[in-house]
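This report concerns only the one structure given below.
Throughout, a chain's letter reflects where its sequence line sits, starting with A, and its residues are numbered from 1. Hydrogens, waters and symmetry mates play no part in the numbers below; they use all other heavy atoms, side chains included.
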There are 2 protein chains.
Amino acid sequence: MSRTPPHPTREQIELPMVLDCLSDPIRLAIVYQLAQQEPVSSELCCGDFNGLSGKSNLTYHFAKLRECGLMLTRVAGTNRFMRLRREDLDARFPGLLDAVLKSAAKDADRLQHVVECDVLEAD
Amino acid sequence: MSRTPPHPTREQIELPMVLDCLSDPIRLAIVYQLAQQEPVSSELCCGDFNGLSGKSNLTYHFAKLRECGLMLTRVAGTNRFMRLRREDLDARFPGLLDAVLKSAAKDADRLQHVVECDVLEAD
DNA sequence: TTGATAGTTCAATAAACATTGAACATAGGG
DNA sequence: CCCTATGTTCAATGTTTATTGAACTATCAA
């Protein structure tokens, strides 16, 4: 399998791309889950998100999150560990990530609903 | 012409929709311009954005901004006056709008570039 | 009442997006 | 060395999106 995939530099991170990335319920859920686990372990691997969608669809969303600079992928054996690029994001857009995460926390039920509905519709 | 168009209530404003709306460079520019003018006059009318795109395209973007709860449209004669729904947004997602606006201000040159390029490509 | 101004509506189009499943690649444990 | 678990790649599909121009509507002012 390929080595570490490409990531944008801090300066290459663009506001519209970040917002667009966060506007998808699945991706927002990924980022949210990543942020919640942060105090415990800063990393999660693909499998930890299997509840959100199918594997190949997740690969697609992970790529988007990586390409827009929201998260970092580290390859270790057959696993890919991802973590939020908190420092870079805070440096680039101070307060933005926190505001989004706080908003997502506030609406957690609603957002959860959205994802659940998507999963149910998929029957 | 029709009366005041429909707006979502404060509670109907959804995070993913707001983020998606702000992720388009033209819409972000509209919101930004609206926010900048806020201290002077809280309202601007459609024509004030003619630099950003064609009229019918702007109508499209205004509708999106209205439908997701980002701005309010008031009809007055042949004009439509728009203003940011700051109070509702701050109540719903505290700190979010400010963080986005601050980020946009920081990248104003870059974002301006994007819009200018779009305009130039349209030749 | 006529003309100009401000903005909408509609249909067409091209591009981007999210989702799926099947086939594939890779690493690690028995 | 094979088997399994983990995740990727690819092609196909249907949907949504942004953008255009032409035709239209409404209001105001002369």
If you check every side-chain atom of [X], which of [options] has the closest atom?
X: A/Thr59; options: D/dT17, C/dT8, D/dT9; result: D/dT9
X: A/Tyr60; options: C/dA18, C/dT5, D/dT19; result: C/dA18
X: B/Ile26; options: D/dT20, D/dT19, D/dG7; result: D/dT19
X: B/Thr78; options: C/dC17, C/dT5, D/dT20; result: C/dT5

Just how far, in rounded Å, is [atom2] of [N] from [atom1] of [X]?
X: A/Arg80; N: D/dG7; atom1: CZ; atom2: C1'; value: 6 Å
X: A/Asn50; N: C/dT19; atom1: CG; atom2: P; value: 15 Å
X: A/Glu67; N: D/dT8; atom1: CD; atom2: P; value: 12 Å
X: B/Phe81; N: C/dG7; atom1: CZ; atom2: C1'; value: 12 Å
X: A/Asp20; N: C/dA18; atom1: CG; atom2: C1'; value: 12 Å
X: A/Phe62; N: C/dA18; atom1: CZ; atom2: P; value: 14 Å
X: A/Leu58; N: D/dT9; atom1: CG; atom2: P; value: 14 Å
X: A/Ile30; N: C/dA18; atom1: CD1; atom2: P; value: 11 Å

Strictly below 4.0 Å: does [X] bring a side-chain N or O up to OP1 or OP2 of [N]?
X: A/Asn79; N: D/dG7; result: yes
X: B/Lys55; N: D/dT20; result: no
X: A/His61; N: C/dT19; result: yes

Between the side chains of [Y] and [X], is the shortest nitrogen-to-carboxylate-oxygen separation below 4.0 Å, so that they form an ion pair?
X: B/Glu11; Y: A/Arg110; answer: yes
X: A/Asp107; Y: B/Arg92; answer: yes
X: B/Glu38; Y: B/Arg86; answer: yes

Can you find a pair of side-chain heavy atoms, one from B/Leu28 and one from B/Leu111, that are under 4.5 Å apart? yes
When we call it a touch if two heavy atoms are under 4.0 Å apart, what does B/Gly54 touch: a base, just sugar-phosphate, or nothing?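 If one applies the 4.0 Å heavy-atom cut-off, B/Gly54 turns out to touch nothing in the nucleic acid.
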Is it the case that the side chain of [X] and the backbone of [Y] share a donor-acceptor pair, with hydrogens and angles ignored and the cut-off at 3.5 Å?
X: A/Gln33; Y: A/Ile30; value: no
X: B/His61; Y: B/Ile26; value: no
X: B/Ser41; Y: B/Gln37; value: no

Atom pairs, N/O to N/O, protein against nucleotides 21-23 of chain D, distance under 3.5 Å?
residue	atom	partner	partner atom	Å
D/dG21	O6	B/Ser56	OG	3.0

